[in-house]
Amino acid sequence: MPLPPPLPRNFYERDPRAVARELLGKILLRRMGRKIVAGRIVEVEAYMGKNDPAAHAFAGMTNRNSVLFGPAGHAYVYFTYGMHHCMNITCEGTDRAGSLLLRALEPVAGFREMGEARKLPWDKEDANPAKLRLLASGPGRLCQALRIDRQHDNGKDVTARDSDLQVVDALKEVPTLEKYKVVTATRIGITKAAEMKLRYLLAGNPYVSVKA
DNA sequence: TTATAGATTGCCT
DNA sequence: GGCAATCTATAAT
């Protein structure tokens with residue numbers, strides 16, 4: 001079964017707030033050897049680069065955040081709280097350093113692989129949203145489920161067909177999202193610019209990490 | 001069901 | 001030295 005092509009770079013070369021709305025419902029795809037692990041993106045946060053006090057890019061370029069200052073459509077993966085990785089996709093051009101933090105996935109393929117990566121053994125007979133939610137609902141969880149870390153994945157081009165980490169359009173065989181509306185809410189876990197509503201999520205989707 | 005504390009390390013001042 | 005774009009277990013209600 002052929003996979004759809006990754007979204008093109010110009011999809012990301014826009015204001016992060018505009019990209020955020022359209023990224024919801026798209027599929028984050030991970031190749032793990034011969035296996036495909038995939039999840040539907042149901043929650044993201046926009047970071048407005050150099051103009052956004054909550055963004056890593058706000059204080060200027062450092063070794064840690066340099067990917068943010070590069071071209072759009074690349075993975076910015078960082079390590080935080082001494083134990084978690086988080087993944088962003090860079091937006092805009094090389095001048096503004098905007099990005100989108102991926103906060104939650106609805107698993108669509110590779111449940112067993114996600115469970116193993118999360119050390120939550122997957123039992124097919126016991127499949128229910130409450131259990132599935134533990135796989136990739138949250139920025140640290142989704143990186144763990146897809147085995148995404150800074151060492152291997154920071155800077156990867158998610159628009160390249162041969163990439164083991166890419167974003168593709170919704171898969172035909174997956175039920176549609178028409179019943180979910182995009183809503184905005186405040187971002188999670190930040191102290192600066194905490195009032196800005198730059199979190200975008202699918203209202204009512206059970207895989208969102210924090211309800212609006 | 002909600003609230004709180006502790007884990008644990010790399011980055012930047 | 002301080003703290004972080006988080007998660008989990010445990011306690012309290």
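The figures here come from the full heavy-atom set of this structure, side chains too, leaving out hydrogens, waters and symmetry mates. By convention in this document, chain letters (A, B, ...) are assigned in the order of the sequence lines, proteins followed by strands, and residues within each chain are numbered from 1.
Within residues 83-97 of chain A, the residues having any heavy atom under 4.0 Å from DNA chain B are, by residue number, A:Met83. The stretch residues 56-73 of chain A comes close to DNA chain B through A:Thr62, A:Arg64, each having a heavy atom under 4.0 Å from the strand.
Toward the 5′ end of DNA chain B lies the nearest nucleotide of A:Tyr81, the other residue of the pair A:Arg150 and A:Tyr81 mapping further downstream. Nearest-nucleotide assignment on DNA chain C puts the 5′-proximal partner with A:Thr191, out of A:Thr191 and A:Gly140.
The interatomic distance linking A:Lys192 (NZ) with C:dG2 (C1') rounds to 13 Å, in whole Å. Per the geometry, CG belonging to A:Leu135 stands 17 Å off C1' belonging to C:dT6, to the nearest Å. Whole-Å rounding puts the A:Asp149 CG to C:dT6 P distance at 18 Å.
Inter-residue side-chain proximity for A:Val42 and A:Leu201 is flagged as unmet; no heavy-atom pair is nearer than 4.5 Å. Residues A:Lys26 and A:Leu24 are not in side-chain contact: their nearest non-hydrogen atoms beyond the backbone lie 4.5 Å or more apart.
To the nearest 0.5 angstrom, A:Met114 atom CE is 9.0 Å from A:Leu142 atom CG. Distance check: A:Tyr12 OH to A:Thr90 OG1 gives 9.0 Å after rounding to the nearest 0.5 Å. Once rounded to the nearest 0.5 Å, the distance linking CG of A:Leu3 with CD1 of A:Ile27 reads 11.0 Å.
Residues passing the ring-ring contact (aromatic ring centres under 6.0 Å, His included) test with A:Phe79 are A:His85, sequence neighbours excluded.
Among the atoms of the strands shown, base atoms are found under 4.0 Å from some heavy atom of A:Leu101.
Judged purely by atom type and a 3.5 angstrom limit, A:Arg141 uses its side chain to pair as donor or acceptor with the backbone of A:Ser137. Using a distance-only test at 3.5 Å, with no hydrogens or angles considered, no donor-acceptor pair links the side chain of A:Arg103 to the main chain of A:Gly140.
Counting only Watson-Crick or G-U wobble pairs whose defining distances are both under 3.5 Å, the stems of 3 or more consecutive pairs in DNA chain C are B:1-7 with C:6-12, B:9-12 with C:1-4.
Note that A:Arg187 lies in the cation-pi zone of A:Tyr47, set by a 6.0 Å cut-off to the ring centre and a 45° limit from the axis. Both cation-pi conditions hold for A:Arg14 and A:Phe11: the charged atom is under 6.0 angstrom from the six-membered ring centre and inside a 45 degree cone around its axis.
First and last contacting nucleotides of DNA chain B toward chain A (any atom under 4.0 angstrom from a heavy atom, 5' to 3' order): B:dA7 to B:dC12.
Cluster annotation: A:Val44 is connected to A:Leu135 through the hydrophobic network of ILVMFWY side chains, with a link wherever side-chain heavy atoms come within less than 4.5 Å.
Between A:Lys156 and A:Asp164 there is a salt bridge, since at least one side-chain N of the basic residue sits less than 4.0 Å from a carboxylate O of the acidic one. A salt bridge does not link A:Asp52 with A:Lys192: none of the charged nitrogens is closer than 4.0 Å to a carboxylate oxygen.
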request  = Encode nucleotides 8-13 of chain C as B, S and - characters from 5' to 3', where the letter depends on protein heavy atoms closer than 4.0 Å: B to the base, S only to sugar-phosphate, - to neither.
outcome  = S-----
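Ring pair A:Tyr76/A:His56 is perpendicular by interplanar angle, where above 60° counts as perpendicular and below 30° as parallel.
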Test salt bridge (Lys or Arg N to Asp or Glu O under 4.0 Å) applied to A:Arg147 and A:Asp153, step by step = CA-CA 9 Å; A:Arg147 299 188 190 276; A:Asp153 301 301; over 6 Å; no
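When all heavy atoms are compared, the tightest approach of A:Thr80 to A:Cys86 is CG2-SG, 4.3 Å.
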